[in-house]
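Order of the sequence lines sets the chain letters (A, B, ...), proteins ahead of strands, with each chain counted from 1. Both backbone and side-chain heavy atoms feed into the values below; hydrogens, waters and symmetry mates do not.
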Number of protein chains: 2
Amino acid sequence: MKKEVTTLKKIAQILEISISTVSRALNNHPDISHETSKKVKDLARKLHYMPNMFAKGFRQHKTNIIGVIVPNILSYFISTILKEILLQAEVNGYRVIISETNNDVKKEKEMLHTMLQFGVDGILMSLSKNTVNVDPILHALNQKPLILFDKVSNKIPCTQVIIDGEEATFNAIEHLINIGKKRIAIIKEFEQSYNSERRFQGYLRALKTNNIPIDKKLIVSTHDISLKKGRSLTSQLISLKEKPDAIFCITDAAAIGAIQTLKKFNIKIPEDIAVIGFSNSLNSTIVEPKLTTLDQPGKRIGEIAMNCLVTEIEEPKEHLTIKTIEIKTNLIIRESTLLSI
Amino acid sequence: MKKEVTTLKKIAQILEISISTVSRALNNHPDISHETSKKVKDLARKLHYMPNMFAKGFRQHKTNIIGVIVPNILSYFISTILKEILLQAEVNGYRVIISETNNDVKKEKEMLHTMLQFGVDGILMSLSKNTVNVDPILHALNQKPLILFDKVSNKIPCTQVIIDGEEATFNAIEHLINIGKKRIAIIKEFEQSYNSERRFQGYLRALKTNNIPIDKKLIVSTHDISLKKGRSLTSQLISLKEKPDAIFCITDAAAIGAIQTLKKFNIKIPEDIAVIGFSNSLNSTIVEPKLTTLDQPGKRIGEIAMNCLVTEIEEPKEHLTIKTIEIKTNLIIRESTLLSI
DNA sequence: AAACATAACGCAAACGTTTGCGGTAACGTT
DNA sequence: AACGTTACCGCAAACGTTTGCGTTATGTTT
């Protein structure tokens, strides 16, 4: 199992030169003659020399590891982001440690601590659902570059990368209005959800802009949005005296639940009630009718977040970088809002 | 940004004792008096002491990092495994570095190299689709504990954790036979896919056991199984003179494609043609009719793989551990095979 | 009282790498 | 001939931690 490991020392001994020369040769230091440089490199290759990352990281206080903390790895959207983060990390010569909080604030704090202790060069993080005390994060931010994505908080002064949910929702609602819908319901989360709240703002603005009165009965909220909640809240909506003629859900899962319930009660989609989701998840094209939804470009988020982080790591500023990058998104129109006129 | 960092040295200076004593105190070495031990620990806490992992790993040649290499992180099944790996890693005090190969053999080799160079304590790996040259993996296996899961190869002498696809498929096919199906088609991958091949063996055995002749026209293969391929291969199947009365797909995605095509041609599911998939993915309950499928307990795989690896790391043997752990799975019967008799 | 055991701690080396500084030789310049 | 320059290389310290061994003081046994 154990293998003889080649070090600079060994190479130096064989070649009868000093360790420093070997080190410099391998790092292309100009002080080394082309001849020795070549000898060293050849031997290093032959002996399968691998620099000991620990000695290296130990010396130069740089680990080339980036920590990523997300609530739930099972989410397709998150996976998309992770995929791109991994790619960009590789391109930039970093490795990635991933941790999951499962929306547990205590764990979130622990993971943050572990990562710092481990000496990551920077942190990419998506907050868990009920992070109220941001002190641990501020503390981390004080030590290493940290960037928030998707699930963010305006209480934390750092670079944040998010989807422009406000405008996205605005467009989606206007699309519903354009196809003649007037009683547009929304299924959302409670106020503490940043994303939900922004989407709700877009909903309100679209209605206001188009002079449609706001009916509080058409605004329903839940703590844990899901397919099941989509179903139950939809039952609630269609039992109203004045039914909605469209339902906007801040999540594809909820939208699919809505569709299932509507079909169960033989309500025609989109003629009677149109449905829009949010995410452009895989399921949105499997469900029938296919779901109109808002694309969530996870790739872009991952790409931007990672590149911002690398910049902050490699070009450290005196003061914290505070900026919010909002990524525009597209409405993908499918059968659930496609009126065949 | 930079923060004063507390080291053993600093604590030692303040307390006017030696560094070794501080180290031992924090590591609960018996040589240290309870009194000093307490003083040290108190001060350490007060100064937010964090052991420098690099100095530590450097000293004891142990990183407490485990490398995970998978073909594609976007797969729900893989995500499930990863989720459990992360959990078990945390429980056992390890951190996890994840890399994606995207089924690129060259990248696979690189990742392996990087991980070894980085000094991971062990590797968990799922092979990419077309890994033929296993030398790099053998080389890695020679240096550190390595365990394969899901996508494995019998050319590599190590612990392997897989789903018992043979028996699973056998059960699925027998289920089809039990509901009266006789011309059972299979949509699979070409021979080089280990998993596909094992499932195919189960298919053959089930037919043989039940004295059903094998019709080669009902066996279709592809290199890249997917939803689209599920569609096209199904069109191919239903254009046969003697149509199948059931289709078994080695993948949920392909099965959903099959369902879509069957519906398009107004073929009744399951009366005319029944469909079974493999994975119990999220989509399998969204599609209509809901898909009968085989559960893939990713959680179990992740759990077992991780625990085996930890054992191999912490209790090293002289010889390589060679064993294959096959996890049984359940048939989940849903509408796509539910004949309402 | 001598010999020994024990508890508690310090010394110093070691892990593999990087790097500032200094040194040597060879050459070119006045 | 004396000096400056350049190219190339080695010495040794440093990073923070662990650990074998040595040391001291104290207590215990004969």
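Taking each heavy atom of A:Thr101 and A:Pro71 in turn, the nearest pair found is OG1-CA, 3.2 Å. Considering every non-hydrogen atom in both A:Pro145 and A:Ile313, the closest pair reads CG-CG1, 4.0 Å.
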Next on the checklist: Show, in sequence, the C-alpha distance, side-chain angles and deciding distance for A:Glu84 and A:Leu87, and conclude whether the side chain to side chain contact (heavy atoms under 4.5 Å, CB included) test is met.
Outcome noted: CA-CA 5 Å; A:Glu84 189 65 18; A:Leu87 181 63; 4.0 Å; yes

Next on the checklist: Under the criterion salt bridge (charged side-chain N to carboxylate O under 4.0 Å, His left out), I'd like the reasoning laid out for B:Asp42 against B:Lys39: C-alpha separation, chi angles, the key distance, then a yes or no.
Outcome noted: CA-CA 5 Å; B:Asp42 284 350; B:Lys39 270 200 297 185; over 6 Å; no

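Heavy-atom distances to DNA chain C give each of A:Ala55 and B:Asp31 a nearest nucleotide, and the one nearer the 5′ end belongs to B:Asp31. If B:Phe58 and B:Thr21 are placed on DNA chain C by their nearest nucleotide, the residue sitting closer to the 5' end is B:Thr21.
Side-chain proximity of A:Ile17 to the nucleotides D:dT19, D:dG10, C:dT17 is greatest for D:dG10. The side chain of A:Ser33 lies closest to D:dC8, out of D:dC8, D:dT19, C:dT18.
In the helix from C:dA1-D:dT30 to C:dT30-D:dA1, the end axes, each obtained as the rotation axis mapping the C1' atoms of four pairs onto the next four within a five-pair block, lie 60° apart to the nearest 10 degrees.
Rounded to a whole Å, the NZ atom of B:Lys39 is 12 Å from the C1' atom of C:dA8. Atom CZ of B:Arg24 and atom P of D:dC21 are 12 Å apart (whole Å). Atom NZ in B:Lys62 sits about 13 Å away from atom P in D:dT19, given to the nearest Å. Computed from coordinates, the B:Leu26 CG to D:dT18 C1' distance equals 12 Å when rounded to whole Å. For the pair A:Ile19 CD1 and C:dG20 P, the computed distance is 18 Å after rounding to whole Å. Note: CG (A:Leu8) to P (C:dT19) measures 12 Å, nearest angstrom. Rounded to whole Å, atom P of C:dG20 lies 12 Å from atom CD of A:Gln60. Atoms NE2 (B:His61) and P (D:dT19) sit 12 Å apart, rounded to a whole Å.
Base contact: A:Ser23 has a heavy atom under 4.0 Å from a base atom. A:Ser20 comes within 4.0 angstrom of a base, heavy atoms only. Contacts of A:Asn52 with the nucleic acid, taken as non-hydrogen atoms under 4.0 Å apart, involve only primed sugar atoms and P, OP1 or OP2.
In this structure, the side chains of A:Ile137 and A:Leu127 come closer than 4.5 Å at one or more pairs of heavy atoms.
Under a 3.5 Å cut-off, the side chain of A:Asp121 and the backbone N or O of A:Ile66 do not form any donor-acceptor pair.
Using modelled atom types, one finds a donor on one side chain and an acceptor on the other under 3.5 Å when comparing A:Asp150 with A:Asn195. No donor-acceptor contact under 3.5 angstrom links the side chains of A:Lys155 and A:Asn133, judged on distance only.
If you check distances only, the side chain of B:Thr36 never reaches the base of C:dC9 with a donor-acceptor pair under 3.5 Å. Counting atom types as modelled, B:Arg59 pairs no side-chain N or O with a base atom of C:dG16 as donor and acceptor under 3.5 Å.
The side chain of A:Tyr49 places an N or O atom within less than 4.0 Å of a non-bridging phosphate oxygen (OP1 or OP2) of C:dT17. A sub-4.0 Å separation between OP1 or OP2 of C:dC15 and a side-chain N or O of A:Thr7 is absent.
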